[in-house]
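Each chain gets a letter, A, B and so on, in the order the sequences are listed, and its residues count up from 1. Please read all numbers here as calculations on a predicted model, not as lab measurements.
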Amino acid sequence: MAIKLSLTNFFTTSNAGITFPLLLNHFVLPPIRRKMQTVNSPPLPTTSLPPPAVADHRHHLLLPTAASPTNIHQFKQLHANILRSGHEHSLSFLLSKLLSLPFPSPPSLDYILAVFLHSPHLDPRICHRALRTFSRAADGTHRALTAYAGMRRFDVEVDRFMFPTLLRAAARVSGGDGGLVRREVHGIVLKLGFPSDPFIQTALAGAYAAGGMIEDARKVFDRMLHKDMIAWNVMLDGYYQAGQYNDTLMLFEDMRNSGLIPNNVVLSTIITACGRTGNLAFGKEVHSYIVESKILIDEHIQSALIAMYCNCNSIRTAQNLYDQMSPKNLVASTAMVVGYSKIGKIEIARYIFNRMREKDLICWSAMISGYAESERPGEALRLFNSMLASGMSPDKITMLSVISACAHLGAIDLAKWIHIYADKNGFRGSLSVDNALIDMYSKSGSLTMARTIFEKQPERNVITWTTMITGLAMHGEGRSALELFNEMKAMGVEPNGVTFVGLLYACSHSGMVEEGRHMFKSMIFEHKIEPKHEHYGCMVDLLGRAKLLQEAHELIDSMPFPPNVVEWGSLLWACQNHGNVVLGELAARKLLELDSGHDGAYVLLSNIYAKANRWEKVEEVRRLMKGRAVSKEKGCSWVEVDGEVHEFLMGDECHSRSSEIYRKLDEIVKALEVAGYSPDVGSVLINLEEDEKKAAILLHSEKLALSFGLIGLTPGSCIRIAKNLRVCRDCHSFIKLTSMVFKREIILRDRTRFHRFMDGNCSCKDFW
DNA sequence: CTAGGGTTAG
């Protein structure tokens, strides 16, 4: 009765009884006799022994060498003897010997399975041992299922102890079959009448959870009358692994309400879940609960707490806990490294990293990605080299950080090197690594290579498409970006918020106003994606570039949340380009209300006034800026020469070839003056004489980088400059002229896009 | 058995 009820409640009748014998029967190996023909056996006596009544004590008669076989060769000889002598019932003895071996190597797993499937007598104990052997082996999943299918065909009685073991194997079957196998085993459990065995239920829930079938896991879990700690932990961990952190926390509440005292394993999971969702309140509550109930805070809990506070931006609390720890453990130290990196305190992160006595791959990766994220890609790569030198080999995640660092650096030679490295070390074909490579190549100026990898990819996810779309957009190929988007939709891949950032960006930089408006609407109404700051920022930029300043302003006013510096900044930038003083003043005021130290706001507003010949206002802005001690952020540029990346700050004299660089700069300026160049001092905001302004603007970092690039240039190659800020108008025309006068192709990458200069033209369609 | 690192945008 109970069985029937479960069946109808939980399964549709169609997938309960009908499908399950089909799927498990897939797992069958070729017949054993074929296999045995390849075994070399000694000649057998022609007269066979009488079949023993009890199959245990006479087997030594069949053994070629010793009383008990110890290696696979001896097993095979024994096996051959058994078969040829017709004592097939002795296979059980052979099997039980095989199963008592400590760790069968992979080929012998198949061998065991073959013997198993051909044994005429299988008792439940042997079956369970066989299942356990297969389920425990890393690659034993399918063999366990095959063994089970075989057992059922031979009508071996299945007892309740087998299911947890079987489910452990089923839990590892991935893909579409995984779901079917789980349901099938579930169906068998119900059919055989074990639906309320707590061990089986826990294993079932665990198997469903491991396959991401979290709702099914929950259904099984909810049916359990008696839930022990393991059951709760399985369910909590299931939600946690599925990334459903809020569900994890809610279930934890249920657990506490049920009166069960959580153990350390559960607590670790909960604390980590709090960190992942940034739920500091919950985390603190759990922390006080632990302290109040005097639960022993072991290393695991302490590390989890530290990581949680780091993730919730409470680095000081984390530091306090870390200080109390002695000796410092690897996990906690890594958490601190990540915590400090995330808030931009990379030096403190490095200090902790340096003091770690032993370093594993994870802490190396954490430090590398810390640098990559902190806009210090060069340091990230140096660290990667140290890691290799220390004998550590990267895994996929390390590679992602390193590739990302290369992308930020935008150095094509390094990009090629890391690509080759990834290929040689077997990372080719990994979806996430390929995605990172596409991004790296498009950010290094090689859209062709990016596209090549993209086209070759056997599998693409939303990140793949988004990366490629954004790559095209950065290179000014707006139309192609939109075409690719259509292709993506045709393939049935659902775009996300980031995809639309790329698309709006593409529209904005290719002057496709109508398409941009359409995209924005389609995002909201067709794809049900809530527009966020970055989308509004793109739209303001798009409208602003097209001189639709009023519409841009209206859009900002219509936002459902308060506008931020990006939106006002974009509007202000547009006002400067189109010379709108009134709206510009408004945007600058709003911007400064949000961030009184925003250097760009002063610069742009001052430029707007200068354009309108309102010099008294220019003076006022400068005084205001001086009074608030705001200074323009120093620009920083990199240039790659002979595969090496050189970094320049504004007015930098640190480079070992500094004097040479400045000589070259003079030479360029003289040549450009002949061609009609005169420094545009509009963006120099300090109170200087005209001549001093001209001198100051010639020290911009991209000009230094360009000069150095021209010194070391081999014929035919081009100069690639990466700049981490917006390029000023003067530098833009400076580079344009240089490309003409010196007959060089120059590629400039600023924070958001590429400018390709050739013969005095620039590929970008921006306003200069 | 649990805890620490990752790819797209900003």
Next item on the list: Have a look at D237(A) and say if it touches a base, only the backbone sugar-phosphate, or nothing, with a 4.0 Å heavy-atom cut-off.
Entry: nothing

Check: Rounded to whole angstroms, how far apart are CD on Q241(A) and C1' on dT2(B)?
Finding: 11 Å

Check: What's the CD1-C1' distance between I301(A) and dT2(B), to the nearest Å?
Finding: 9 Å

Item checked: Between dA3(B) (C1') and I270(A) (CD1): distance, integer Å -> 14 Å

Margin query: Whole angstroms only, please: what is the CD1-P distance between I295(A) and dA3(B)?
Written below: 17 Å

Donor-acceptor contacts under 3.5 Å from residues 228-235 of chain A side chains, at least two apart:
from	atom 1	to	atom 2	distance (Å)
D228(A)	OD1	I230(A)	N	3.3
D228(A)	OD1	A231(A)	N	2.9

Next item on the list: May I ask you to list the residues of residues 320-332 of chain A, by number, that have any heavy atom positioned under 4.0 Å from an atom of DNA chain B?
Entry: N329(A), L330(A), V331(A)

Check: Side chains of T317(A) and N320(A): donor-acceptor distance under 3.5 Å anywhere?
Finding: no

Item checked: Those residues of residues 420-433 of chain A lying under 4.0 Å from DNA chain B by at least one heavy atom -> S432(A)

Check: With sugar-phosphate meaning primed atoms plus P, OP1 and OP2, does D434(A) contact a base, only sugar-phosphate, or nothing at under 4.0 Å between heavy atoms?
Finding: nothing

Margin query: By nearest atom, which of the nucleotides dG6(B), dG4(B), dA3(B) is closest to the A304(A) side chain?
Written below: dA3(B)

Side chains of residues 396-408 of chain A: which donor-acceptor pairs under 3.5 Å do they make with residues two or more places apart or in other chains?
from	atom 1	to	atom 2	distance (Å)
T398(A)	OG1	S365(A)	OG	2.9
T398(A)	OG1	D395(A)	N	3.4
T398(A)	OG1	D395(A)	OD1	2.8
H408(A)	ND1	S404(A)	O	3.0

Next item on the list: Scan S333(A) against the nucleic acid and name what it touches under 4.0 Å (heavy atoms): base, sugar-phosphate only, or nothing.
Entry: nothing

Next item on the list: Using atom CG of L305(A) as one end and atom C1' of dG4(B) as the other, report the distance to the nearest whole Å.
Entry: 14 Å

Note to self: Once side chain to side chain contact (heavy atoms under 4.5 Å, CB included) is applied, do any residues pair with M250(A), and if so which ones, sequence neighbours excluded?
What the structure shows: D247(A)

Item checked: Spacing between D298(A) atom CG and dA3(B) atom C1', to the nearest angstrom -> 9 Å

Check: Using a heavy-atom distance cut-off of less than 4.0 Å, which residues of residues 378-393 of chain A contact DNA chain B?
Finding: none

Next item on the list: Taking salt bridge (Lys or Arg N to Asp or Glu O under 4.0 Å) as the test, write out the residues that go with E534(A), two or more places apart.
Entry: none

Next item on the list: For H535(A), check side chain to side chain contact (heavy atoms under 4.5 Å, CB included) against everything at least two apart and list the hits.
Entry: F500(A), V501(A), L504(A), F520(A), M523(A), P531(A), K532(A)

Would you tabulate the nitrogen or oxygen pairs shorter than 3.5 Å linking the protein to nucleotides 8-10 of chain B?
from	atom 1	to	atom 2	distance (Å)
dA9(B)	OP1	K443(A)	NZ	3.0

Notebook entry, point to check: CD of E530(A): more than 12 outside heavy atoms within 6.0 angstrom?
Noted result: no

Check: Rounding to a whole Å, what distance do you find between D228(A):CG and dC1(B):P?
Finding: 17 Å

Note to self: If the condition is salt bridge (Lys or Arg N to Asp or Glu O under 4.0 Å), which residues does D423(A) pass it with, not counting sequence neighbours?
What the structure shows: R428(A)

Next item on the list: Mark yes or no for whether R132(A), through its side chain, and T165(A), through its backbone, hold a donor-acceptor pair below 3.5 Å.
Entry: no

Item checked: Nucleotide of dA3(B), dG4(B), dT7(B) approaching R276(A) most closely (side-chain heavy atoms) -> dG4(B)

Next item on the list: Would you please name every residue forming a salt bridge (Lys or Arg N to Asp or Glu O under 4.0 Å) with R517(A), sequence neighbours left out?
Entry: E514(A), E551(A)

Check: dG4(B) base to T272(A) side chain: any donor-acceptor pair below 3.5 Å?
Finding: no

Item checked: From R382(A), E379(A), R350(A), residue fulfilling side-chain hydrogen bond (donor to acceptor under 3.5 Å, both in side chains) relative to Y371(A) -> R350(A)

Note to self: In this structure, how many angstroms lie between the C1' atom of dC1(B) and the CG atom of L267(A), rounded?
What the structure shows: 14 Å

Checklist line | Check: F561(A) ring centroid to Y536(A) ring centroid under 6.0 Å | finding: yes

Check: When you look at Y421(A) and F384(A), which way does the side-chain contact (heavy atoms from CB on, under 4.5 Å) test go after all the steps?
Finding: CA-CA 12 Å; Y421(A) 184 92; F384(A) 179 59; 4.1 Å; yes

Note to self: Could you work out, with salt bridge (Lys or Arg N to Asp or Glu O under 4.0 Å) as the rule, every residue matching D434(A), not counting sequence neighbours?
What the structure shows: none

